[in-house]
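Heads up, the thing below is written out as structure tokens.
Just so it is clear, the values below take in all heavy atoms, side chains as well, and ignore hydrogens, waters and symmetry mates. Just so we're clear, the structure is a prediction, and the values are computed from it rather than from any experiment.
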Amino acid sequence: MSSVTVRVPAKVNVQLSVGPLREDGYHDLVNVFHAVSIFDEVVAKESESITVVVNGKWSDQVPTDDNNLAIRAARALAKHAGRTYGAELIIQKDIPVAGGMAGGSADAAGALVACNELWGLGLPFEDLMEIAGDLGSDVPFSLLGGTAVGTGRGEQLSELPTGGTFHWVFALANGGLSTASVYAECDRLRAASGAQVPWPQLDDDLMEALGTGDAYSLGAHLSNDLQQAALNLRPELGPTLEAGRQHGALGAIVSGSGPTCAFLAIDALHASDLALSLTSTGAAHTAVAAHGPVRGATLA
Ligand code: ATP
């Protein structure tokens, strides 16, 4: 095989509960991931060494050296296989960079699936999940897709059944937010308030809404403990969220560490109307309608 193409989705967190800061600097999380139909494409082509090319409107914000998560994934896979392999990775980037939608993790997951195929390794999904877990806490979910709850640092995943398709609008911001700086702001806010941080718990009402496919209830139970921190760092997101609510969004939330804002719509038609309203009123410069859940990294 001389070329393999893989499509990988973005994610939104429909619940992101952040526990107290641990001694190792991480937080215990309850993180309900939901894969949505905004995709990066990763093509792996035969080559002597592992290299990456990034195309698409976000490409100038993505490193092409060894810091690129797709390169790190391909190297980790080759190491696991115990041999030196090469691949030219070509990424078509549609997932916003540093947007709270796990775009880098998506590319890492895409590279694992693509190189497993290109190099004829035939490693089972479980092995790819293990390598993914070492690459970053969102990478296993990018492989898995669907809807799933992550505990621990987010990397211990259990799939969640959903009772239907949900329709979303994502307002993309100019420029990203670093996940580390949002967590640091969250810790700062908590230290300043002095309040006891509760242990994170899975929201039963949210589970039920996902299971029955009830968009109204899901919209009412979306939650993100990082939202206030993201709003402190990017105050202009407050009016964007408010504009979505004014235009009938069932729920409006910062996606993960932001700055992308996620709006839950009633149906596909409402999602396209909402996207148009957000851009035409200037509440968002770009708004994309999408649906979920969708499959994780998949061979095209
Ligand atoms: P998360 O939602 O998992 O916290 P994010 O969506 O906010 O992540 P990413 O798009 O994954 O953020 O990018 C975070 C940083 O990772 C970027 O600023 C970029 O420098 C770096 N990076 C490395 N490889 C990639 C890649 N293939 N695509 C995007 N960013 C990458």
Legend entry - Test log, rule side chain to side chain contact (heavy atoms under 4.5 Å, CB included), inputs Leu121 and Tyr85: CA-CA 11 Å; Leu121 301 176; Tyr85 289 99; 3.2 Å; yes

Legend entry - Chi angles and distances behind the side chain to side chain donor-acceptor pair (under 3.5 Å) call for Gln61, Ser59: CA-CA 5 Å; Gln61 297 166 44; Ser59 55; over 6 Å; no

Inset, instruction - Given side chain to side chain donor-acceptor pair (under 3.5 Å), test Asp273 with His247 step by step and report yes or no. - result: CA-CA 9 Å; Asp273 285 350; His247 288 102; over 6 Å; no

Inset, instruction - For side chain to side chain contact (heavy atoms under 4.5 Å, CB included), just list the numbers for Leu226 and Val254, CA-CA rounded to whole Å, side-chain angles, deciding distance to a tenth of an Å, and then say yes or no. - result: CA-CA 8 Å; Leu226 292 179; Val254 168; over 6 Å; no

Legend entry - Pair Thr260-Ser255, side chain to side chain donor-acceptor pair (under 3.5 Å): steps then yes or no: CA-CA 6 Å; Thr260 304; Ser255 178; 5.7 Å; no

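Rounded to the nearest 0.5 Å, atoms CZ (Arg245) and CG (Leu274) are 12.0 Å apart.
Looking at Glu41, its side chain never comes within 3.5 Å of a backbone N or O of Thr5 through a donor-acceptor pair. At least one donor-acceptor pair under 3.5 Å links the side chain of Lys11 to the backbone N or O of Gly100. In this structure, the side chain of Asn68 engages the main chain of Pro63 through a donor-acceptor pair within 3.5 Å.
Counting heavy atoms from C-beta outward, Ser17 and Asn224 have side chains that stay 4.5 Å or more apart. By the 4.5 Å heavy-atom criterion applied to side chains, Trp58 and Pro96 are counted as neighbours. Side-chain atoms of Val36 and Met101, non-hydrogen and from C-beta on, do get closer than 4.5 Å to each other. No side-chain heavy atom of Leu250 sits under 4.5 Å from any side-chain heavy atom of Leu218. Inter-residue side-chain proximity for Ile38 and Trp168 is flagged as unmet; no heavy-atom pair is nearer than 4.5 Å.
Under 4.0 Å is where a charged nitrogen must lie from a carboxylate oxygen, and between Asp94 and Lys57 no such pair does. Ionic pairing of Arg22 and Asp28 is present here: one or more N-O contacts between side-chain nitrogen and carboxylate oxygen are shorter than 4.0 angstrom. Here Asp40 does not pair with Arg7 in a salt bridge; the nearest charged N to carboxylate O distance is not below 4.0 Å.
Listed by chain and residue number, Arg190 satisfy the salt bridge (Lys or Arg N to Asp or Glu O under 4.0 Å) test with Asp225 (two or more places apart in sequence, or in another chain). Residues passing the salt bridge (Lys or Arg N to Asp or Glu O under 4.0 Å) test with Glu130, sequence neighbours excluded: none.
Leu69 and Val43 are not part of a single hydrophobic cluster, where members link through side-chain heavy atoms under 4.5 Å apart. Residue Phe170 is grouped with residue Leu264 when hydrophobic side chains (ILVMFWY) are merged at heavy-atom distances under 4.5 angstrom, including chains of intermediate members. Clustering ILVMFWY residues whenever any of their side-chain heavy atoms sit less than 4.5 angstrom apart, transitively, puts Leu112 in a cluster other than the one holding Ile90.
Heavy-atom contacts from other residues, nucleotides or ligands closer than 6.0 Å to CD of Glu159 number 12 or fewer. The number of heavy-atom neighbours closer than 6.0 Å to CZ of Phe125, taken from other residues, nucleotides and ligands shown, is above 12.
Aromatic pair Phe166/His291: centroids not less than 6.0 angstrom apart.
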